[in-house]
Amino acid sequence: MRRRDPVRIGDALNDFFSSTPVIARKIAEAKIPDLWPVLVGNVIASYTTKIELRTGGRLFVHLSSSVARNEVFMRRSALMDAINEASGIRIVSSVIVK
């Protein structure tokens with residue numbers, strides 16, 4: 001159906017994502033690497049060697065520094081909540097630090 005009234009792009013995208021949750025989830029997953037430095041800071045992000053979201057919402061974070069690894073380990077619950085809040089959907093169920 002063709003619309004005659006103009007629609008804001010934000011409203012059109014919200015309608016699209018609400019009708020296709022699989023695509024919305026994939027886009028939220030793709031934003032995690034860009035969101036990571038904002039959440040943990042540039043110093044810890046510089047020690048991050050790999051971020052991988054696996055089946056079941058398990059986020060694996062590989063760090064090259066034991067101090068940074070300990071910091072992320074202590075904040076893993078808060079980081080999980082922040083990622084889920086920023087993405088708007090629950091995509092991370094646990095954070096595993098390696």
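Atom set for the values below is all heavy atoms of this structure, side chains included, hydrogens, waters and symmetry mates excluded.
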Cluster check Ile96, Met74: I/L/V/M/F/W/Y, side chain < 4.5 angstrom: no
Which atom of Ile91 lies closest to which atom of Leu53, heavy atoms considered: O-CD1, 4.1 Å
Summary of salt bridge (charged side-chain N to carboxylate O under 4.0 Å, His left out) pairs that have at least one residue in residues 48-62, sequence neighbours excluded: Lys50-Glu52, Glu52-Arg54
side-chain hydrogen bond (donor to acceptor under 3.5 Å, both in side chains) contacts touching residues 73-96 (sequence neighbours left out): none
Only counting residues at least two apart or in another chain, list the ones meeting side-chain contact (heavy atoms from CB on, under 4.5 Å) with [X].
X	value
Ile27	Phe17, Ile23, Lys31
Lys26	Glu29
Ala45	Trp36, Pro37, Val40

What's the separation between atom [atom1] in [X] and atom [atom2] in [Y], rounded to the nearest 0.5 Å?
X	Y	atom1	atom2	value
Ile51	Ile32	CD1	CD1	8.0 Å
Asp34	Leu39	CG	CG	11.0 Å
Thr48	Arg69	OG1	CZ	10.5 Å

Donor-acceptor pairs under 3.5 Å, side chain of residues 60-68 to any protein atom, not counting sequence neighbours: which ones?
from: Ser64; atom 1: OG; to: Tyr47; atom 2: O; distance (Å): 3.3
from: Ser65; atom 1: OG; to: Val67; atom 2: N; distance (Å): 3.3
from: Ser65; atom 1: OG; to: Ala68; atom 2: N; distance (Å): 3.4

